[in-house]
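Notes for the one structure printed next.
As a basis for the values below, the full set of heavy atoms in this structure was taken, side chains included, without hydrogen atoms, waters or symmetry mates.
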Amino acid sequence: MKNQNKDQPMQLLWQFMWEKRWNYTLSVIAIILSEIVYVQFPNLLGEFTNTLQAGRLTSGKLAYYAIALMTVGVLQVALYGFGQYRNGETGRLFEYQLRKRLFGKWETLTTAYFRKKSVGDLLNHAMTDVQAVREALSGGMNIFTNAIFLLLTTLYMTFTTISISLTLLSIIPILFIPFFVVWFGPRIRQASKQVQEALSDMAEFTEESLTAIRLIKATANETIDTNRFSRRVDTIVHRQLSMISRSALFQSFIPLMGSLSFAIALSYGGYLTIHGNIKLGSFVAFTLYLAMIITPLQQIGFVIINFQRASASLQRLQTLLTVVPEIDDPIDPIPTQTIRGEIVVALDEYRYPDAAKATLHDIHFTLSVGKTLGIVGRTGSGKTTLVNLLPRIFDAKAGSVMIDGHPIHQYRLQDLREAIAYVPQDGFLFSTTIKENIEFGRDHATEEEIVQAAQDAAMYDDIMAFQEGFATQIGERGVSLSGGQKQRTAIARALLKEAPILIMDDSLSAVDMNTEKKILAALTRLRKNRTTMIVAHRLSAVRDADWILVLENGTILEQGTHEQLLALNKEYKKIYDLQEAGSDLA
């Protein structure tokens with residue numbers, strides 16, 4: 001895979017923050033104001049202590065200090081709460097946009113990419129990694145802004161209202177914290193990356209196990225599968241404990257430095273108070289300020305750990321977001337036009353990436369508009385690979401495949417694929433209703449058009465037999481339907497699209513002979529002026545095709561009409577005789 005600029009995800013982060021700069025500015029200002037208000041608390045308490053010690057406390061002054069302290073508390077909570085809300089709201093918006101961007105990226109990637117990546121791993125990107133980045137962006141921003149400005153305002157108050165020497169001496173242990181962060185941060189990030197990788201492995205295994213649950217139960221392999229899952233969970237626990245131990249060591253170091261600072265402050269501040277260098281109220285205020293300093297230090301440690309974890313997730317997202325699709329639109333596509341469906345294939349060779357030998361070679365044929373091409377051959381002969389070249393699911397050499405006189409590489413992918421209705425081998429269905437599966441082929445189809453497509457695919461009677469009709473929920477990948485019903489639903493979806501080119505990749509294999517005849521008769525009627533390609537193992541599906549290709553080991557072994565191929569008395573005739581014998585026996 002090719003990669004674009006490695007900084008793209010970070011640029012995405014900064015770009016988002018720039019777009020939402022007024023939101024962040026407003027939230028930061030609110031948090032700063034909350035800390036300016038909050039640091040007045042020790043100062044007011046110190047003044048109250050000095051007034052009390054001097055014997056000047058009256059009922060009026062007592063009410064003043066009580067109201068002042070209550071006002072400080074209310075204002076601090078209101079301002080900080082507002083800033084936290086704005087930050088959290090903006091962080092959720094970033095999470096939403098990043099997930100949309102991820103899904104959009106997946107939609108552009110080729111099947112070659114998804115052969116290397118599991119669904120579980122990709123889902124872990126969209127869930128855990130995005131959440132980690134969002135928490136660092138919103139929650140981390142709240143805490144970090146609060147901690148930094150609480151620290152700065154607290155130090156300012158101690159410098160200006162209490163004692164410079166006491167403040168400088170007390171913060172000496174704190175100066176060691178940045179060095180510890182630089183040394184320990186990468187270790188936490190590496191541990192977090194290993195945890196995310198283990199979570200992806202577990203998600204991948206879980207997705208595969210749930211998909212294959214019927215096989216697991218049918219073969220009584222529940223215990224084996226559970227043990228395999230347990231081993232993956234054990235790996236996660238081991239790596240998480242490693243990360244937790246590092247995080248705990250990191251987080252315990254910062255309070256330790258804070259405790260040393262407090263010990264220094266207590267000793268030296270007590271000495272200054274005893275000798276009259278500072279007042280008792282100032283010493284009380286300083287101890288409260290020092291407690292305030294320790295709190296943001298702990299918060300900064302927490303934020304640093306979160307950012308280290310988020311950076312590991314951001315690296316994983318970066319790897320995905322910078323992947324360039326191997327198959328993309330041309331730089332200068334031909335203008336959008338109506339595709340009629342004339343197909344010319346002049347393929348000297350096609351091989352999969354990293355394959356040792358060619359999958360297809362010496363494939364040459366022309367298919368005129370309105371004609372039907374049948375493609376037959378043994379399993380592994382290259383039938384599916386051949387038809388996948390037309391919508392550029394796989395990419396052949398430029399000029400090897402042409403539609404309407406233009407190499408398919410000159411079309412925009414959107415234009416090319418909209419002109420092709422494709423029914424894959426597995427007849428994949430979504431976990432929704434039958435109606436929504438059929439109309440997936442065309443937006444805003446009418447009820448009459450959906451019903452007609454179901455009738456043409458010989459699926460209408462089956463649908464009406466369900467209690468909920470077209471509103472029937474078919475379950476995960478159509479689990480509630482039979483194999484034939486899945487195929488016919490997929491065919492109805494393709495017919496509803498009304499594309500000029502129809503490709504059916506062995507999509508009649510699970511239907512009986514009578515149903516197959518009905519569908520083929522409908523195709524003959526509906527597709528008089530459209531091009532059709534039918535891949536099949538049963539020759540009955542292609543016998544009425546205008547031209548038939550017999551593939552063997554990736555090349556054309558025979559070609560002609562049904563009658564011509566029978567007259568050759570070669571491979572096609574052998575297959576025909578075997579299937580006829582099986583039909584007679586049945």
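Under a cut-off of 6.0 angstrom, the local environment of OH in Tyr352 is crowded, with over 12 non-hydrogen atoms contributed by other residues, nucleotides or ligands. In this structure, Asn227 places its CG atom where more than 12 heavy-atom neighbours from other residues, nucleotides or ligands lie under 6.0 Å away. Residue Phe440 qualifies as open at atom CZ: its count of foreign heavy atoms under 6.0 Å is 12 or below.
Panel note: side chain His409, backbone Ala396; a donor-acceptor pair is recorded below 3.5 Å. In this structure, Arg527 contributes its side chain and Pro500 its backbone to a donor-acceptor pair below 3.5 Å. Within the 3.5 Å criterion, the main-chain N or O of Ala356 finds a donor-acceptor partner in the side chain of Arg351. The backbone N or O of Ile420 sits less than 3.5 Å from a side-chain atom of Lys497, completing a donor-acceptor pair. A donor-acceptor pair under 3.5 Å is formed between the side chain of Lys383 and the backbone N or O of Arg378. Using a distance-only test at 3.5 Å, with no hydrogens or angles considered, no donor-acceptor pair links the side chain of Arg525 to the main chain of Ala521. Lys371 contributes no side-chain N or O that, together with a main-chain N or O of Thr366, makes up a donor-acceptor pair within less than 3.5 Å. A donor-acceptor contact shorter than 3.5 Å links the side chain of Glu449 to the backbone of Thr446. Between the side chain of Thr555 and the backbone N or O of His361, at least one donor-acceptor pair lies under 3.5 Å. Judged by distance alone, the side chain of Glu558 and the main-chain N or O of Glu571 form a donor-acceptor pair under 3.5 Å.
The shortest heavy-atom contact between Ala499 and Ala421 is CB-N, 3.6 Å. Smallest separation of non-hydrogen atoms from Asp506 and Ala536: OD1-CA, 3.8 Å. Shortest non-hydrogen contact noted between Gly341 and Asp404 is N-OD1, 3.0 Å. Between Val423 and Ser507, the shortest heavy-atom contact is CG1-CB, 3.4 Å. Taking every heavy atom of both residues into account, Gly554 and Ile363 meet most closely at O-CD1, 3.6 Å. A pairwise comparison of heavy atoms in Phe470 and Ile438 identifies CE2-CD1, 4.1 Å as the closest pair.
Put simply, the side chain of Glu468 does not reach to within 4.5 Å of the side chain of Gln473, judged on heavy atoms. Between Ile556 and Leu551 the shortest side-chain heavy-atom distance falls below 4.5 Å. Looking at heavy atoms from C-beta onward, Leu568 lies out of side-chain contact with Lys573 at the 4.5 angstrom threshold. The shortest distance between side-chain heavy atoms of Ile534 and Leu520 falls below 4.5 Å. Residues Leu347 and Leu389 meet the side-chain proximity criterion, which asks for heavy atoms closer than 4.5 Å. Annotation: side chain of Arg392 is in contact with side chain of Arg417 (closest heavy-atom distance under 4.5 Å). Using a 4.5 Å heavy-atom threshold, the side chains of Val511 and Gln487 count as touching. Ile403 has its side chain within reach of Ile501: a pair of non-hydrogen atoms, C-beta onward, lies under 4.5 Å apart.
With sequence neighbours left out, His364 forms a side-chain contact (heavy atoms from CB on, under 4.5 Å) with Ala346, Asp348.
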Could you give me the CA-CA distance, side-chain angles and deciding distance for Glu89 and Arg92, then say whether salt bridge (charged side-chain N to carboxylate O under 4.0 Å, His left out) is met?
CA-CA 5 Å; Glu89 179 186 46; Arg92 291 290 182 180; over 6 Å; no
Side chain to side chain contact (heavy atoms under 4.5 Å, CB included), that's the test. Do Phe365 and Leu386 meet it? Break it down for me.
CA-CA 12 Å; Phe365 66 87; Leu386 176 58; 4.3 Å; yes
Can you check side chain to side chain contact (heavy atoms under 4.5 Å, CB included) on Leu390 and Val401, steps first, answer last?
CA-CA 7 Å; Leu390 267 75; Val401 182; 4.3 Å; yes
Going through the checks in order, is the side chain to side chain contact (heavy atoms under 4.5 Å, CB included) test met by Leu317 and Val130?
CA-CA 8 Å; Leu317 292 171; Val130 172; 4.2 Å; yes
Are Gln97 and Leu93 close enough, and set up right, to give a side chain to side chain contact (heavy atoms under 4.5 Å, CB included), and what steps lead you there?
CA-CA 6 Å; Gln97 290 187 0; Leu93 181 60; 4.0 Å; yes
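The existence of a salt bridge linking Glu349 and Lys397 is excluded, since no basic side-chain nitrogen approaches an acidic carboxylate oxygen closer than 4.0 Å.
To the nearest 0.5 Å, atoms CD1 (Ile327) and CG (Leu109) are separated by 11.0 Å. Annotation: the span from Leu495 atom CG to Leu502 atom CG amounts to 6.5 Å, rounded to 0.5 Å. Between the CZ atom in Phe466 and the CD atom in Gln485 there is a gap of 4.5 Å [rounded to 0.5 Å]. Summarising the geometry, atom OG1 belonging to Thr561 is positioned 11.0 Å from atom CG belonging to Asp544; distances are rounded to the nearest 0.5 Å. The line from OG1 of Thr372 to CG of Asp546 is 5.5 Å long, rounded to the nearest 0.5 Å. Taking CG of Leu481 as the start and NZ of Lys486 as the end, the distance is 7.0 Å to the nearest 0.5 Å.
Screening residues 513-569 for ring pair (Phe, Tyr, Trp, His ring centres under 6.0 Å), with sequence neighbours left out, gives His562-Tyr572, His562-Tyr576.
Put simply, the residue from Asp462, Thr515, Asp456 that forms a side chain to side chain donor-acceptor pair (under 3.5 Å) with Arg488 is Asp462. Looking at Glu580, Glu516, Lys517, Gln579 one by one, the single match for side chain to side chain contact (heavy atoms under 4.5 Å, CB included) with Ser540 turns out to be Glu516.
In summary, the side chains of Glu418 and Gln414 do present a donor paired with an acceptor at a separation below 3.5 Å, with no hydrogens or angles considered. Remark: the Thr384 side chain and the Asp505 side chain contain an N/O donor-acceptor pair separated by less than 3.5 Å.
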